[in-house]
Amino acid sequence: MATHLRISGLVQGVGYRVSFEAQARALQLAGWVRNRRDGSVEAVVDGAPDAVERITAWSRRGPAEARVTEVVVSEIDDASVAGVFEVRPTA
C-alpha cells in the first residue's frame, strides 16, 4: 500500500515540489510528486509508516511561501512506486 496526497492552496510556483522531493528523500521514501493542471500538487509516497506520517504532516504546511488549504490523504495500491523518489511532469 502507498499513500496518495492531493494538496490544494497556493502550492504551485512556490517551490513546493522541490521541497517535497527533498523531504521525501531525507525520509527515504519512494514515490513521486507532480503539479496538477487544476493548481494542486499530487504525490504518492511509500516507506516506513513514521516517515509517511512525517511527510503527510509536512505537506499540510509545505515550504514557507506555500499556503496549504487542504490535503486529501488516501491509501492506494501503486505497484509503480519502487525504491526511488522523483518529480513527474504536470498532469
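Note that these values count all heavy atoms, side chains included, but never hydrogens, waters or copies made by symmetry. These numbers come from a predicted model, not from an experiment.
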Checklist entry - E65 and V14: which non-hydrogen atoms are nearest, and at how many Å? => result OE1-O, 3.6 Å
Item to check | Plane angle bin for W32 and H4 - parallel if under 30°, tilted between 30 and 60°, otherwise perpendicular | outcome: perpendicular
Next on the checklist: Pair V87, V18 - check side-chain contact (heavy atoms from CB on, under 4.5 Å), show working.
Outcome noted: CA-CA 8 Å; V87 176; V18 171; 5.9 Å; no
Checklist entry - Which atom pair, heavy atoms only, marks the closest approach of Q12 to S40? => result NE2-O, 2.8 Å
Next on the checklist: Are more than 12 heavy atoms, taken from residues, nucleotides or ligands other than E86, located less than 6.0 Å from that residue's CD atom?
Outcome noted: yes
Item to check | Criterion side-chain contact (heavy atoms from CB on, under 4.5 Å) on V72 and L5, from CA distance to verdict | outcome: CA-CA 6 Å; V72 177; L5 305 167; over 6 Å; no
Checklist entry - Would you find a donor on one side and an acceptor on the other, under 3.5 Å apart, between the side chain of R25 and the backbone of F85? => result yes
Checklist entry - Just wondering, are more than 12 heavy atoms of other shown residues or ligands nearer than 6.0 Å to CZ in R54? => result no
Checklist entry - Within a strict 4.5 Å, meaning less than it, do heavy atoms of the P63 and F20 side chains meet? => result no
Checklist entry - Is a donor on one side and an acceptor on the other found under 3.5 Å between the side chain of T56 and the backbone of V52? => result yes
Item to check | Criterion salt bridge (charged side-chain N to carboxylate O under 4.0 Å, His left out) on R17 and E21, from CA distance to verdict | outcome: CA-CA 6 Å; R17 285 178 307 159; E21 178 188 24; over 6 Å; no
Item to check | N/O donor-acceptor pair under 3.5 Å between Y16 side chain and N35 backbone | outcome: no
